[in-house]
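First up is the structure itself, then whatever we jot down about it.
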2 protein chains.
Amino acid sequence: MAKIRPGKNGSKKDVITQKAAVLFKTKGYSSASMRELAETIGVEAPSLYNHIGSKSELLQIICFKVADAFTSHLDSTERTGETVPEKIEAIIRFHIGMMLNDFDEVYVANHEWKHLKEPYLSNFLNQRRGYEKRFVQLVESGIEAGELKKTDPYVAVLTILSAVRGLEFWQHHKKNISAATLEDDMVNHLLNGIAK
Amino acid sequence: MAKIRPGKNGSKKDVITQKAAVLFKTKGYSSASMRELAETIGVEAPSLYNHIGSKSELLQIICFKVADAFTSHLDSTERTGETVPEKIEAIIRFHIGMMLNDFDEVYVANHEWKHLKEPYLSNFLNQRRGYEKRFVQLVESGIEAGELKKTDPYVAVLTILSAVRGLEFWQHHKKNISAATLEDDMVNHLLNGIAK
DNA sequence: TAGCAAAACTAACACTTATTAGTTTTTTGG
DNA sequence: CCAAAAAACTAATAAGTGTTAGTTTTGCTA
C-alpha cells in the first residue's frame with residue numbers, strides 16, 4: 001500500500017540504502033532483518049527486492065561509498081602544495097567532517113565491513129590498506145623534510161586514524177562540545193600533544 | 001564423545017568463554033552460532049548448556065570482565081601520588097597492554113556490547129560512562145595544576161581512548177612494529193604530538 | 001480512459017537459529 | 001567395582017532468516 005517515496009535528491013534505492021545504514025548501525029548488519037528494514041520504510045519485505053538485489057548489496061553500497069570518499073579526498077590532498085602538517089590537518093578535518101555529516105554510513109563501513117562477501121571484502125580491505133600506506137608515506141616524507149618529529153610513521157598514522165574513528169562515541173557528548181571545538185582541539189592534540 | 005577439557009587454570013566454563021571470545025571477535029556476536037562454537041571445542045551444541053546458561057551469558061561475562069579490569073585499574077591509579085601526566089601515561093600503557101594481552105575479550109567488549117540484554121546493557125554503559133567521567137576529571141585537575149595545556153578535557157579523553165581502542169587494527173602490522181615501540185611512540189604522540 | 005510498466009502485495013520455501021527434553025555415556029568417589 | 005553425579009548425546013521445537021513466485025494494485029502516458 002504505502003509507496004516508497006524517493007527523497008527530493010535520490011532514487012528509491014537511495015532511500016532504502018540510507019535507511020539500511022541507520023538500521024545496520026543500530027542493530028548491526030547480522031541482527032538487522034529485511035522485514036525490519038521494510039517496516040521503517042512502510043512496506044513489506046519482498047517489495048524491497050523490486051529496487052535492490054540483496055541485503056548484502058546494501059552493505060556493499062554503503063561501505064564503498066565511504067571508502068571512495070576517503071580515497072578521492074586523499075587523491076586531491078596529495079596534489080596540493082601544502083606542507084605535510086597542513087596536509088595531515090586537512091585529512092584529520094575531513095575525517096571529522098565525514099563523521100559528523102555522514103555518521104551512519106561511516107559507522108557501518110567501520111564496523112560491519114567484515115560481513116561483506118567476496119570479492120567485495122578483499123576489495124574493501126585492499127582499498128583501506130592502500131589508504132593507510134599512502135598516509136604512512138606522507139608522514140615519512142614529513143619526517144624527512146624535518147616538519148615532523150622522528151617517530152614511527154605507522155604508529156603515528158594508526159594513532160590518528162584511530163582517534164578520528166573513535167568520534168563515533170562523541171555523539172553522546174554533543175551537548176557538551178561544539179563541532180568546531182572538537183575539530184580544533186583534536187587537530188591540536190594530535191599534532192602538538194597535551195603535555196606542557 | 002569428546003570431552004571439554006578444562007585448561008590448567010580455569011573451569012570448563014572458562015574454556016567455553018575464551019573460545020566464544022575468539023568466535024565473537026571473528027564473526028560478530030550475531031553471526032556466531034552455538035553450533036559453530038561447539039565445533040571449535042569438539043562437542044555438540046546442546047552439550048554446552050551443561051556449563052553455561054545461554055549465549056548471551058557468554059557475552060556478559062566477556063564484557064564485564066573487561067570493564068571491571070579497566071575500572072579497577074583506574075581505582076588504583078587514582079590513589080597513587082603521581083603527577084597527572086604520569087597517571088595518564090599509566091592509563092594509556094594499561095590500555096595498550098590489555099589490547100595486546102587480552103585482545104579477543106577487549107575487542108568483543110568494544111564491538112559487541114550492543115547485543116547485551118537488559119539490564120546488563122545499561123549496567124555496562126553506565127560503567128563505561130563512569131570511567132570516562134573520572135578520566136575527564138583527571139585531565140581537568142591536570143589543567144588546573146598547570147601540568148597540561150588548556151584544552152577541552154572531553155576532547156582530550158575522547159582522543160586518547162579512541163586512539164588506544166584503535167590498536168585492534170595494529171594486529172595486522174605486528175611484523176613491522178614491536179610492542180615496545182608502539183607503546184612508547186603512542187604515549188609520546190598523545191602527550192607531546194608529532195609536529196615539531 | 002485504456003493499457004502498460006512499476007511496484008506493491010500474499011504465500012511459501014528452504015534454512016538456520018538458540019534452546020529444551022529425554023536418554024546414554026563417561027567420570028568420579030567411596 | 002559399583003553407584004551417583006556430571007556431561008555427553010540425539011531428536012525435536014518454535015521462531016526467524018533472506019529470498020522467490022505469482023498475483024494484484026498503482027500510476028503514468030498515449
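A note on names: the letters A, B, ... follow the listed sequences, proteins ahead of strands, and every chain is numbered from 1. Any value given below was found using the heavy atoms of this structure, including those in side chains, with hydrogens, waters and symmetry copies removed.
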Do B:H111 and B:F24 make the cut of ring centroids closer than 6.0 angstrom?
no

Check the distance between D:dT10's P and B:Y49's OH and give it to me in whole angstrom.
17 Å

Distance-only donor-acceptor hits, side chain of residues 81-88 of chain A, under 3.5 Å, sequence neighbours excluded:
from: A:E82; atom 1: OE1; to: A:T80; atom 2: OG1; distance (Å): 3.2
from: A:T83; atom 1: OG1; to: A:E86; atom 2: N; distance (Å): 3.3
from: A:T83; atom 1: OG1; to: A:E86; atom 2: OE1; distance (Å): 3.3
from: A:E86; atom 1: OE1; to: A:T83; atom 2: N; distance (Å): 2.9

Could you state the NZ-C1' distance from B:K12 to D:dA8, rounded to the nearest angstrom?
10 Å

Between B:M99 and B:V22, is there a shared hydrophobic cluster once you connect ILVMFWY residues whose side-chain heavy atoms come closer than 4.5 Å?
no

Contacts of B:N110 that satisfy side chain to side chain donor-acceptor pair (under 3.5 Å) - sequence neighbours left out
none

Would you please name every residue forming a ring-ring contact (aromatic ring centres under 6.0 Å, His included) with A:F103, sequence neighbours left out?
A:Y107

Got a sec? Which of residues 114-121 of chain A come in under 4.0 Å of DNA chain D, heavy atoms?
none

Could you give the side-chain donor-acceptor pairs of residues 58-66 of chain A under 3.5 Å, partners two or more places apart or in another chain?
from: A:K65; atom 1: NZ; to: A:E105; atom 2: OE2; distance (Å): 3.0

Atom NZ of B:K13 and atom C1' of D:dA7: how far apart are they, to the nearest Å?
15 Å

Considering only heavy side-chain atoms of B:E44, the closest of D:dT19, D:dC9, D:dA8 is D:dC9

Could you tell me how far apart B:K27 (NZ) and C:dT16 (P) are, to the nearest whole angstrom?
12 Å

Scan for side-chain hydrogen bond (donor to acceptor under 3.5 Å, both in side chains) pairs involving residues 152-161 of chain A, sequence neighbours excluded, and state none if there are none.
none

Contacts of type salt bridge (charged side-chain N to carboxylate O under 4.0 Å, His left out), residue A:D102, not counting sequence neighbours
none

Using a cut-off of strictly less than 4.0 Å, decide whether B:H51 has a side-chain nitrogen or oxygen near OP1 or OP2 of D:dA6.
no

A:S47 vs C:dA7: side-chain N/O to OP1/OP2 distance below 4.0 Å:
no

Length of the CG-P vector between B:L37 and C:dT19, whole Å
11 Å

If the condition is ring-ring contact (aromatic ring centres under 6.0 Å, His included), which residues does A:H115 pass it with, not counting sequence neighbours?
A:Y29

Would you mind building the protein contact string for nucleotides 12-17 of chain D? One character per nucleotide, 5' to 3', B for base within reach (heavy atoms under 4.0 Å), S for sugar-phosphate only, - for untouched.
-----B

In whole angstroms, the gap separating P of D:dT19 from CD1 of A:I52 amounts to 7 Å

Donor-acceptor pair under 3.5 Å, B:N50 side chain vs D:dA6 base
no

To the nearest angstrom, how far is B:L48 atom CG from C:dA21 atom P?
17 Å

Using whole Å, report how far CG of B:L58 lies from C1' of C:dA18.
12 Å

